[in-house]
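First comes the structure, then the notes that go with it.
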Amino acid sequence: AQKVTQAQTEISVVEKEDVTLDCVYETRDTTYYLFWYKQPPSGELVFLIRRNSFDEQNEISGRYSWNFQKSTSSFNFTITASQVVDSAVYFCALSGYNDYKLSFGAGTTVTVRA
Amino acid sequence: SQTIHQWPATLVQPVGSPLSLECTVEGTSNPNLYWYRQAAGRGLQLLFYSVGIGQISSEVPQNLSASRPQDRQFILSSKKLLLSDSGFYLCACLSRVNEQYFGPGTRLTVT
């Protein structure tokens, strides 16, 4: 069975601070995908990133960066110089390599104060 | 790129009433389609997925059913709603590069 744990329920920061969201996963699959999604107050899930299990290279996209460490089964997400528009619920998810059925973590609510 | 439509956007239904939520996809053909539910204050749970017309797999035994009458149409139904069916229902589509994109969702309140 697959399991995704996001231990941080809520994080509150002041604008321009960095914030790191933790994600730890469990799977018996040798190949799999990892994802991060953003859910703003409107409710729609916004795709942020997909990572293959065999690609441990870290990735940076603008103010977003992701650190994948297979040895610790973690896929952490950092927002650098946070902005009020970053306020949302962020979900980490895991899927099999062939079925693409997503197992989600419980989500982390990020509040960025001006 | 594909566009996912869901309707209605919000719905308030009494316990015991039927339900029909619709999801349609534009800009792709023969996509994998998914229904997820997000209960209040909780994460998302996969309910059903479909790899083609008439092909439905159920992930969680429950009061709901799904159908795929056309290639780009995915319907979530119930004959008799329960209070526990309340939640935010999201339809998702697998893109050609195997990334799941979500529709705007339907917020269902069962009273």
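In what follows, chains are A, B, ... by sequence order, proteins preceding strands, each numbered from 1.
Proximity to chain A (any heavy atom under 4.5 Å) is restricted, for E59(B), to the side chain, taken from C-beta onward. Of the two parts of Y100(A), the backbone and the side chain both hold a non-hydrogen atom closer than 4.5 Å to a non-hydrogen atom of chain B. For chain A, the nearby part of Q38(B) is the side chain; its heavy atoms alone come within less than 4.5 Å. In this structure, the portion of Q39(A) lying under 4.5 Å from any heavy atom of chain B is its side chain and not its backbone. Residue L44(B) touches chain A through both its backbone and its side chain, counting heavy-atom pairs closer than 4.5 Å.
Put simply, L45(A) and Y90(A) are part of two different groups of oily side chains (I, L, V, M, F, W, Y) that touch within less than 4.5 Å, one to the next. Both Y97(A) and F104(A) are part of a single hydrophobic cluster, where members link through side-chain heavy atoms under 4.5 Å apart. The same ILVMFWY cluster, assembled from side-chain heavy atoms under 4.5 Å apart, contains both V15(B) and L64(B). By the rule that hydrophobic residues join a cluster once side-chain heavy atoms approach within less than 4.5 Å of another member, Y101(B) and F91(A) end up as members of one cluster. A single hydrophobic cluster is not seen to contain both Y37(A) and I11(A); linkage of ILVMFWY side chains at heavy-atom distances under 4.5 Å, directly or through other members, places them apart.
When the heavy atoms of residues 76-91 of chain B are compared with those of chain A, the residues falling under 4.5 Å are F88(B), L90(B), listed by number.
Side chains of Q100(B) and F35(A) form no contact here, defined as non-hydrogen atoms less than 4.5 Å apart.
Here the side chain of E99(B) pairs no donor or acceptor atom with the backbone of F47(A) at under 3.5 angstrom. Judged by distance alone, with hydrogens and angles left aside, the side-chain atoms of R50(A) form a donor-acceptor pair with the main-chain N or O of V97(B) at under 3.5 Å. Of the possible donor and acceptor atoms, none in the side chain of Y34(B) sits under 3.5 Å from a partner among the backbone N and O of L102(A).
The two residues K101(A) and Y36(B) have their closest heavy-atom pair at C-OH, 4.2 Å.
A distance of 8.5 Å separates CD of E44(A) from CD of Q6(B), quoted to the nearest 0.5 Å. The structure places CD of Q45(B) at 10.0 Å from OG of S103(A), a figure rounded to the nearest 0.5 Å.
Around the NZ atom of K16(A), the shell of radius 6.0 Å holds no more than 12 heavy atoms that belong to other residues, nucleotides or ligands.
Not counting sequence neighbours, C93(B) has no partner by the disulfide (SG to SG under 2.5 Å) test.
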